[in-house]
Trainee: 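Let me give you the structure first, and then I'll get to my questions.
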Amino acid sequence: MIEGEEPGQLGEGLSAVARAVWAKHDRAAEGWLPLWRHMADSGAVAGLLWDEWIPHQVRRLISAELPGGAEDARRLVVWLATTHDIGKATPAFACQVEALAAAMRDAGLGMPGHREMIDRGLAPHGLAGQFLLQEWLIERHGWNRSAALQLAVIAGGHHGVPPAYQNVHDLNARRYLLRTPDRESAWRSVQEELLDACAAACGVRDRLDDWRRVKLSQPAQVLLTGLVIVADWIASNPDLFPYFPEAAHISDRERIEAAWRGLALPAPWRAVEPDEDTDELFAARFALPLGARVRPVQEQAVKLARGMAAPGLMIIEAPMGEGKTEAALAVAEIFAARSGAGGCYVALPTMATGNAMFPRLLEWLRRLPAGGSGETHSVYLAHSKAALNEKYVELMRTGRRTVSAVELDGPGDERRHRGDRRVHSAELVAHHWLRGRKKAMLASFGVGTIDQLLFMGLKSRHVALRHLALAGKVVIIDEAHAYDTYMNTYLDRVLSWLGAYRVPVIVLSATLPAGRRRELLEAYAGTSGSGLTEVERAEGYPLLTAAAPGRSPVLQPVAPSGRCTAVHMERLEDDLDVLADRLEEELSDGGCALVVRNTVDRVLQTAAHLRKRFGNVTVAHARFLDLDRMAKDAELLKLFGPPGKDTKRPKEAHIVVASQVAEQSLDIDFDLLVTDLCPIDLLLQRMGRVHRHLRGEGQSERPPRLRTARCLVTGADWAAVPVEPVSGSRRIYRPYPLLRAAAVLEPYLSGSAETGHIVRLPEDISPLVQKAYGHDPAGPAEWQKALEEARRDQELHQEKQRKEAESFQLGKVGKDGRALIGWLDAGVGDADDTRAGRAQVRDGEESLEVLVVQRLADGTVRTVPWLTEGRGGLELPTETAPEPRLARIVAACGLRLPFQFSTPEVLDRAIEELEAECIPAWQSKECHWLAGELILFLDENCRTRLAGYDLHYTPTDGLEVTRAE
């Protein structure tokens, strides 16, 4: 706290009239409670948040904009939090409780009754507070309108949405909602007295003259708004701030300090820049195999980070399996130490990739050096199924503790509140208060889907909290090539805000087009021009690109690690008998083959056909129950994962038929690859699954026929001019990327089985990607007309995606001093990690998710019978809500229905049929696992009919969908 500052004493010295206003009825406690106490508590909490919880990276940004630096910034934060509810000192708010209104009338303030103020909804207390604060600064302290508004708008937006211009206009025309005409001077006098008291208590009276010349940036306004929201929420918690008569003898300072101890928010990460050389650093932070050496791209990334003038954007382009993730985490540690970042968020394309990354982040965190007395780090798994992840649930148990005020007579034994910290590594917890869609991203460390990052660019309620959360972190974006134009439009807007916040960002990709590299840098730096032309022209692979704020980008090609796989390419006729014959030939001596299809229907058709000849055929795709999908991933890693004691590679021939789930998230290794034609970057990702690891001592050797890495490309009519991909592939990827992939691969695919041309990984990755996504002609001359038509169609589609993405997209960072009025106009309301929220930042047909159970002929409802660990075949009550353990098992049986259920007509019909089957007892608020969820009931044979489609589910093949007869 600033010496002498005591917001808790705010109410002392107020006139009797002001005291009458400064009271409200709190139904959560006994009797009449002073409103000023809540506002004073908010200010005190804001000061504690600033001192102990807000990362230095955020504090520095706000402090840099004020003449008095950090001390000014802290005073401003406390004052804004203290004044945030001044709008409650108006007749529009106070008239809601007649007893309160009567007390004000008795004190000399005029006020109509509640029912008389029919338009009081036009003066919500946030907007009213904005008006009062703005007037006070202008009329009492000589500020101009724009200077006053840039601070007053923070009160206006403390409920999640800054006012729109129309809101301001409507209230400006109804000033009687702020002060009744018959007692206008009395109301004005009271409101000014209250604001004068706030200024005195927060020690800002002598600073207002200097502050009126400040032009506060929009990023600073957003962060201050987020901070005030957090302080308000904490101070509004009745468990932390009880107002009981028996506590009247406790001083405000003691009461606030007790609440803060009870909340026990973990402090932000305070990274110390590592001084070890790169080999020592990686050995200390990562569980490297014995004898492993740091790869050149890892060493150079660390060296580049250490040599940058200031942390900024770094793009790491390197082959699959080259250790980009470890390089990013090492760079993040350096960036955090230099920028003052208080945490890290790792964004990935899917829940599966997020789940795979989560334990790796935890292991890294446990290896980070902690302070002498230990630390606690708050951790979050950021996707909608996080509560079903066992590792995250374990952390939730660690962090589970009721929020309450602790003993008022002192801090007591610190270990009682935070655990015994006499350990080298930090304690990791999923903190009890930092949960839920609004607050979870405020945890220091997170792993999750890219959606959570893209929501930062979506006009939605409380988006300021997401900005506050991410502005204090290092952000790592993995698989940057995996997003379409729609998502990239959001990503670019988010990068522009991250750049404005000076947030260090690390982007990872194995197959990044050069044009996209430039766009990422342009979005983050907010500049364009000749300097960025070199970024797009840069050659070399691996490649590091770095840009410190205000500096020209640095491009650094890196020597390859020496790992090289020569993959023999060959095209294969799209015929199931031809495929089976070829696999029979190739696997005659055993071996493991991966067949990747672009649609689930092709996966299921292929697997059914191959099972006629082969005994071991495994299916993997996204149309499995969540629990089955996790079990499937674990099985694949056990059978085909990297060499190690936990891998039990099959001795007999084994075929895995998979969808795009095999492209990412799973570190799996096969002897032979067959893949449908797909965009070149994704094809190269798939090729990274063949001969991925060296098979050394103690591992099964590759069969003689399969010691040469081979990729067979199918899924197209190769005799057509130009080549014609199958219809499912065209629906998923559109024709142009497929044709460009075929065009650049044509020289490699034109050879026979004996003389097939070779793609060398990693040497050929970047040249192939740049050529496929470049503008130069590719492929045979007779293809060019069709390619040009496909290109024009693709450009029209991308332009449509860009325009659609802009509908609810946050605007660009405005000029300094421009208030956030209208910042979220025409927004989407509440939209976070829900089906509706994800649909805003992903350009896909709306998908329907259900929870799957079984209903027998006698009406018994149970969990599906094949679940392991005692979870299968458990009877579920229908007259009451299931106990939490049973409900959680059902919640873990989520299934996303396929594209057939995405058209509006079928979607509406499916929802109607599912809602008709709902069990009312499962929809109660007490059953939070199931409330609001749609339940799909399978019969004894695991079949059902929905919206004109027959559904059949098996744990081996997942969901099959056919049109009903």
Side-chain angles (χ1 to χ4, degrees), residues 1-11 22 24 26 28-29 33-55 58-59 62 70-71 73-86 88 126 129 154-155 157-160 197-199 201-204 223-243 247 250-268 342 378 403-406 408 411 417 431-434 436 438-439 442-444 462 464-465 468-469 472:
M1 307 286 285
I2 294 175
E3 186 177 356
E5 178 188 298
E6 192 69 46
Q9 302 303 315
L10 176 61
W22 218 235
K24 75 164 188 169
D26 190 329
L33 305 175
L35 175 59
W36 58 258
R37 176 173 285 175
H38 166 65
M39 294 178 66
D41 288 347
S42 299
V45 168
L48 289 165
L49 288 169
W50 181 268
D51 292 339
E52 301 185 27
W53 186 70
I54 295 297
V58 172
R59 296 203 306 266
I62 298 173
E71 184 173 335
R74 189 188 187 285
R75 289 182 186 274
L76 178 63
V77 164
V78 172
W79 176 64
L80 289 171
T82 303
T83 57
H84 78 281
D85 264 353
I86 186 62
K88 291 181 178 179
I154 293 164
H158 81 267
H159 276 282
C198 290
C202 299
V204 304
L223 296 179
L224 289 167
T225 302
L227 225 167
V228 169
I229 291 171
V230 174
D232 181 26
W233 285 359
I234 293 173
S236 299
N237 189 314
D239 293 318
L240 288 170
F241 290 90
Y243 292 98
I250 301 299
S251 74
D252 286 312
R253 182 181 291 277
E254 289 175 309
R255 184 173 50 80
I256 291 164
E257 289 177 350
W260 187 253
R261 289 196 303 273
L263 181 61
L265 277 178
S378 53
V403 180
S404 64
V406 297
L408 293 170
H417 307 299
H431 193 269
H432 51 279
W433 195 78
L434 297 173
K438 300 289 187 184
K439 297 182 292 186
L442 293 166
S444 294
H462 291 112
L465 288 179
L468 178 65

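Owing to the predicted nature of the structure, the values given are computational and were not obtained by experimental measurement.
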Trainee: Looking at residues at least two apart in the chain, or sitting in another chain, which of them share a side-chain contact (heavy atoms from CB on, under 4.5 Å) with A231?
Mentor: V45, A46, L49, A81

Trainee: Do L48 and I256 touch side chain to side chain, with heavy atoms closer than 4.5 Å?
Mentor: yes

Trainee: Just to verify, which of N237, D232, V230 counts as forming a side chain to side chain contact (heavy atoms under 4.5 Å, CB included) with I234?
Mentor: V230

Trainee: How about W53 and L263: do any of their side-chain heavy atoms sit closer than 4.5 Å?
Mentor: no

Trainee: Of the non-hydrogen atoms in K439 and W233, which two are nearest, and what is the gap between them?
Mentor: CG-CZ3, 3.6 Å

Trainee: At what distance, to the nearest 0.5 angstrom, does CG of L80 lie from CG of L224?
Mentor: 6.0 Å

Trainee: Look at the side chain of R75 and the backbone N and O of G203, then say whether any donor-acceptor pair between them is shorter than 3.5 Å.
Mentor: yes

Trainee: I'd like to know whether I54 forms a side chain to side chain contact (heavy atoms under 4.5 Å, CB included) with L468, so could you lay out the CA-CA distance, the side-chain angles of the two residues, the decisive distance to 0.1 Å, and finally the verdict.
Mentor: CA-CA 9 Å; I54 295 297; L468 178 65; 4.3 Å; yes

Trainee: Mind checking what makes side-chain contact (heavy atoms from CB on, under 4.5 Å) contact with A443, not counting sequence neighbours?
Mentor: S378, Y380, L434

Trainee: Can you give me the closest heavy-atom contact between T83 and C198, atom names plus distance?
Mentor: CG2-CB, 3.7 Å

Trainee: Donor-acceptor pair, distance only, cut-off 3.5 Å: does the side chain of H84 make one with the backbone of G129?
Mentor: no

Trainee: Which pair of heavy atoms, one from W79 and one from C202, lies closest together, and at what distance?
Mentor: CA-SG, 3.8 Å

Trainee: Which pair of non-hydrogen atoms, one from G226 and one from A464, has the smallest distance, and what is that distance?
Mentor: N-CB, 4.1 Å

Trainee: Find out whether L265 and E52 are in side-chain contact, i.e. whether some heavy atom of one side chain is under 4.5 Å from a heavy atom of the other.
Mentor: no

Trainee: Who passes side-chain hydrogen bond (donor to acceptor under 3.5 Å, both in side chains) against H158, sequence neighbours left out?
Mentor: D85, H125

Trainee: Kindly indicate whether the side chain of L227, heavy atoms from C-beta on, has any atom under 4.5 Å from the side chain of W50.
Mentor: yes

